[in-house]
K.L.:
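Take this structure, written in structure tokens, and hold onto it; I'll ask about it next.
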Amino acid sequence: PQPVDLEETLAYMAEKRGQPSNYKNSIVDLMKLVGMDSSLANRKELAKELGYTGALDGSAEMNIWLHKQVMQALAANGGKLPPDLAG
């Protein structure tokens, strides 16, 4: 199977929602875009599941790490990311 162009797919999803979205940089916006609960409690749980070892406090460090991990997980599951989204 051909890899899915995630940049195209995510851009389409963001356009379809009709709301501004910074999914390329924001874990909250990315999670909302793909239909996930983006609450702090859910981000903490996801960070734990993905192996984050820092403070689970919703800091910029945690959120940036989590965004990178989610993008990499999307790519690992058949998605093609451009370098600016691959982290």
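Note that this is a predicted model, so its numbers are computed, not measured.
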K.L.:
Could you give the distance from NZ (K80) to CD (E8), rounded to the nearest 0.5 Å?
P.N.:
8.5 Å
K.L.:
Evaluate the criterion side-chain contact (heavy atoms from CB on, under 4.5 Å) for residue pair K32 and R17; output intermediate values, then yes/no.
P.N.:
CA-CA 10 Å; K32 285 179 182 179; R17 282 186 73 202; 3.9 Å; yes
K.L.:
Which atom pairs, one a donor and one an acceptor, fall under 3.5 Å between side chains of residues 44-56 and the rest of the protein, sequence neighbours left out?
P.N.:
| residue | atom | partner | partner atom | Å |
| --- | --- | --- | --- | --- |
| Y52 | OH | E61 | OE2 | 3.3 |

K.L.:
To the nearest 0.5 Å, how far apart are CG in N63 and CG in L40?
P.N.:
8.0 Å
K.L.:
Do M71 and M13 share a hydrophobic cluster, counting only Ile, Leu, Val, Met, Phe, Trp and Tyr and linking them when any side-chain heavy atoms are less than 4.5 Å apart?
P.N.:
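The answer is yes; both residues are in one hydrophobic cluster.
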K.L.:
Checking H67 side chain against Y23 main chain: does a donor-acceptor pair fall under 3.5 Å?
P.N.:
yes
K.L.:
Which residues satisfy the side-chain hydrogen bond (donor to acceptor under 3.5 Å, both in side chains) test with N22, sequence neighbours excluded?
P.N.:
N25
K.L.:
Minimum heavy-atom separation for G79 and P3, please, with both atom names.
P.N.:
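Between these two residues, the closest heavy atoms are C-CB, 4.4 Å.
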K.L.:
So, taking the atom named CE in M31 and the one named OG in S39, what distance separates them when rounded to the nearest 0.5 Å?
P.N.:
7.0 Å
K.L.:
For A75, check side-chain contact (heavy atoms from CB on, under 4.5 Å) against everything at least two apart and list the hits.
P.N.:
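Counting only residues at least two positions away or on another chain, A75 forms a side-chain contact (heavy atoms from CB on, under 4.5 Å) with L81.
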K.L.:
Could you tell me the separation between the CG atom of L74 and the CG atom of L6, rounded to the nearest 0.5 Å?
P.N.:
5.5 Å
K.L.:
Using modelled atom types and a 3.5 Å cut-off, is there a donor and acceptor pairing between side-chain atoms of D37 and backbone atoms of N42?
P.N.:
no
K.L.:
Hey, mind stepping through K24 and L10 against side-chain contact (heavy atoms from CB on, under 4.5 Å) and telling me if it holds?
P.N.:
CA-CA 9 Å; K24 290 183 178 183; L10 292 172; over 6 Å; no
K.L.:
Roughly how far, to the nearest 0.5 Å, is CG of L30 from OG of S38?
P.N.:
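So the gap between those two atoms works out to 10.0 Å.
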